[in-house]
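Okay, structure first, notes after.
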Protein chains: 2
Amino acid sequence: MLDLPGEILEPLARSPVARDVAHRAGVSTATVSRVLNGSAGVRADKREAVMRAAQDLGFVANGAARALSTRRFMAVGAVVPNIENEAFVRVLSSFQERLRQAGYTLVAANAGYDLEDELREATFLLERGVDGLMLVGDIHHPDLHARIARHGIPMVQTFSLSRERPCVGFDNAASAARAANYLVDLGHRRIGVISGLRKDNDRGGARVTGIAQALAARGLTLAPEHDIEISYGIGGGRDGFRQMLAGGAPPTAIICGTDQIAFGAMIEARARGLDVPGDLSVIGHNDSDFAPFLDPALTTIRIHSAEIGHAAGDHLIARMQGRPVVRLTEIDAELILRASTAPPRKPARD
Amino acid sequence: MLDLPGEILEPLARSPVARDVAHRAGVSTATVSRVLNGSAGVRADKREAVMRAAQDLGFVANGAARALSTRRFMAVGAVVPNIENEAFVRVLSSFQERLRQAGYTLVAANAGYDLEDELREATFLLERGVDGLMLVGDIHHPDLHARIARHGIPMVQTFSLSRERPCVGFDNAASAARAANYLVDLGHRRIGVISGLRKDNDRGGARVTGIAQALAARGLTLAPEHDIEISYGIGGGRDGFRQMLAGGAPPTAIICGTDQIAFGAMIEARARGLDVPGDLSVIGHNDSDFAPFLDPALTTIRIHSAEIGHAAGDHLIARMQGRPVVRLTEIDAELILRASTAPPRKPARD
DNA sequence: GCGGTTTTTGAAAGCGCTTTCAGATAGCCA
DNA sequence: TGGCTATCTGAAAGCGCTTTCAAAAACCGC
């Protein structure tokens, strides 16, 4: 059965509880609790005795009982659109890192870009008793915030900025606009966009808006046939670029919603005999691992995922501990210049 | 404040508890519990009343209290080496899908390829009261299984097969051997391996062993200078292939621990003027999203991650519900042939 | 060695739910 | 309608921990 060194453990019949420890140490459960939670005011000898007894018995406090008693679960929930998406995974990972350090457990759920599903998953987490909640974006089911408020737990939104809610993110419109301006500065006049699904996705929407506005400010327009919305992934990028070519004069540069989409678009461009960046400049989003290794290396907007996760974690921890926080934390996205962008071969003049 | 339609809600002072619902419905908390847990034997009118009262009050049962009472947390833990790794993410995602359907919550933790850390994280989850645990691989800290046993909860290992423990996985040695045999059949004689870190990683180790044995069976050997161990990632693959070239006669084919490594190796090969697959055949592992889109498209060993996750989930759910299960589930990995492998240009004859 | 602190300590009361058990109701048949 | 059984229902006892509160013990200066 069990073979921890030194002592035969109780037959698995019942795992030890605080009372057992108290008994063995010759104190009350109150003292056991005090010792195990590090509160002061326990005489050294008793403290020792409790420690040893707990050790000997292999005592592990029952989390449910503790949670019930303290009314804190020491768990935090996160609902992200796609738990398999690299960008969200990175944020979750760094978010969890912080939580873990503070003794919290992360419980992540998948909303699949659907507000109803997001509400359902968030509700599930609330029922589980999470002490805080992380969401992505600023568009949610109308009931969601009421439900969260009802539980009286703090919430923080990530990835985009919000004027109403606590958030940690960046200005999607501004960073996409920066990419657009960069392309215009290079001499591009016909610029296209391939974004992922924009429904219920403020990030995607804001990016396109930002680009359109940036172009407008320079006297250009985002032609409808150059504004493509497709499903995520490399395949989506290929399809998207194909669609774009189907619509009249081809763009000389495109901005893509993710690096995967950009990769797909580059593949399709090459398949059509177009040179990147000679005939087509390409900009991605997220700075995926593979972005610097593509051929040509991909210019992309780097989202500082780790910082977002850390900041969101710190924010929530602070609020759960009743400390003051700033409502909005902006983590700047950064345009990483690589080889997939260049001036258009012959400056388009339309 | 809150604005659910129809009724003013209690000021957030205290969220409603079962007693409130009981009061409002004119029944006891016992009946409330019975209704909310769907147990039979409650008269229709009372059931209705309880349902409506719960609805009106926005009642959500306190998970901790329920867990304390039922002694089941309805949560399952998973400790994976790297929560950001695509292969593990996919398994976690499908694993969670199943758990979620059965009403369980997944709590995932990161072990970082370190047995001590794995033990620590698993202990943390056990303390939280998970009802089941998923691990990766068959190598663990010597104390880990004793601790799990002490909590009396079921555990399932994934990704590799085990002769001792319940598991869902595939035969890493056999599938890697298949890749090696395929290369030998193509006419390759000098075959190299670039694997990720093998310390505390039975999957990596088994794969290399499988390859070495397959080669041996065909009268070939895996030269030490062609057996490279590097850190994961595209950069690792580049470095690995560079190292391999530094050691004498270059291989005509390599098998890589992940598609990322394979991608890196291909980049390095091209940078050296080697043609893939003309001068070098490359096989990866995992069939990542980008594998079919590389140039040339990558031959790789596809791990059926979704099946592993589902099977692991089903296994654990069954055991938590006291149903019988098979101890070992093998999910075959599959060699996906693409364009990165071909016969060697001039059959090596040494 | 004594009265008056200042620490330590344990008994006991929850936390909010489930579940047992016995009593109350309803249902059924004669 | 009465008696007996089959259903329903509520009171109350936990689940295992934290925390309050008052009592006990230790400490202190004189």
Side-chain angles (χ1 to χ4, degrees), chain A residues 10 13-51 53-54 57-75 103 126-129 131 150-152, chain B residues 10 13-51 53-54 57-75 103 126-129 131 150-152:
Chain A
E10 294 245 288
R14 185 174 63 82
S15 42
V17 298
R19 184 139 32 99
D20 301 327
V21 176
H23 218 253
R24 187 179 178 110
V27 301
S28 71
T29 61
T31 298
V32 170
S33 171
R34 279 190 275 258
V35 171
L36 265 30
N37 293 300
S39 75
V42 177
R43 236 171 40 210
D45 56 336
K46 301 234 172 197
R47 157 164 270 123
E48 287 273 296
V50 170
M51 296 287 236
L57 258 30
F59 171 74
V60 174
N62 176 311
R66 170 174 287 162
L68 180 57
S69 199
T70 59
R71 240 146 306 175
R72 295 204 286 122
F73 235 101
M74 296 307 281
L126 289 174
E127 287 177 10
R128 278 6 235 0
D131 301 313
R150 191 124 186 72
H151 280 257
Chain B
E10 296 245 289
R14 185 175 64 81
S15 42
V17 298
R19 183 139 33 98
D20 301 326
V21 176
H23 218 252
R24 186 177 178 110
V27 300
S28 73
T29 61
T31 297
V32 170
S33 171
R34 278 190 275 258
V35 171
L36 266 31
N37 292 301
S39 75
V42 176
R43 233 172 41 211
D45 57 334
K46 302 233 172 197
R47 157 164 272 121
E48 287 274 297
V50 170
M51 296 288 236
L57 257 32
F59 170 74
V60 174
N62 177 312
R66 169 174 288 163
L68 180 57
S69 200
T70 58
R71 241 147 306 176
R72 295 204 287 122
F73 236 99
M74 296 306 282
L126 290 173
E127 287 176 10
R128 284 354 231 23
D131 302 313
R150 190 124 186 73
H151 279 257

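These numbers come from the heavy atoms of this one structure, side chains and all, not from hydrogens, waters or symmetry mates. Lettering follows sequence order; numbering is per chain, from 1.
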Scan nucleotides 15-17 of chain C against the protein and return all N/O pairs shorter than 3.5 Å with their distances rounded to 0.1 Å.
residue, atom, partner, partner atom, Å
C:dG16, N2, B:Ala65, O, 3.4
C:dC17, OP1, B:Asn62, N, 3.4
C:dC17, OP2, B:Ala18, N, 2.5
C:dC17, O2, B:Ser69, OG, 3.1

Worksheet item: What's the spacing between A:Glu127 CD and B:Met74 CE if we round to 0.5 Å?
Response: 11.5 Å
Fill in: Which residues share a side-chain hydrogen bond (donor to acceptor under 3.5 Å, both in side chains) with A:Ser69, sequence neighbours left out
none
Discussion item. What's the separation between atom CG in A:Leu36 and atom CZ in A:Arg66, rounded to the nearest 0.5 Å?
Written reply: 7.0 Å
Practice prompt. Identify the heavy atoms of B:Phe59 and B:Ala18 that sit nearest to each other, and give their distance.
Written response: CE1-N, 3.3 Å
Worksheet item: Does the side chain of A:Val17 come within less than 4.5 Å of A:Asn62's, by heavy atoms?
Response: no
Worksheet item: Base, sugar-phosphate alone, or nothing: which one does A:Val32 contact when heavy atoms must sit under 4.0 Å apart?
Response: nothing
Worksheet item: Is the backbone N or O of A:Phe73 less than 3.5 Å from a side-chain atom of A:Arg128, with the two atoms forming a donor-acceptor pair by type?
Response: no
Practice prompt. Calculate, to the nearest 0.5 Å, the distance between atoms CG and OG1 belonging to A:Asp131 and A:Thr70 respectively.
Written response: 8.0 Å
Worksheet item: Does A:Thr31 place a side-chain N or O at less than 4.0 Å from the phosphate oxygens OP1/OP2 of C:dG10?
Response: yes
Worksheet item: Could you state the CZ-P distance from A:Phe73 to D:dT18, rounded to the nearest angstrom?
Response: 14 Å
Polar pairs (N or O, both sides) under 3.5 Å between protein and nucleotides 20-27 of chain C?
none

Practice prompt. Send over the distance from B:Asp45 CG to D:dC8 C1', rounded to a whole Å.
Written response: 11 Å
Worksheet item: To the nearest 0.5 Å, how far apart are CG in A:Leu126 and CZ in A:Arg150?
Response: 12.0 Å
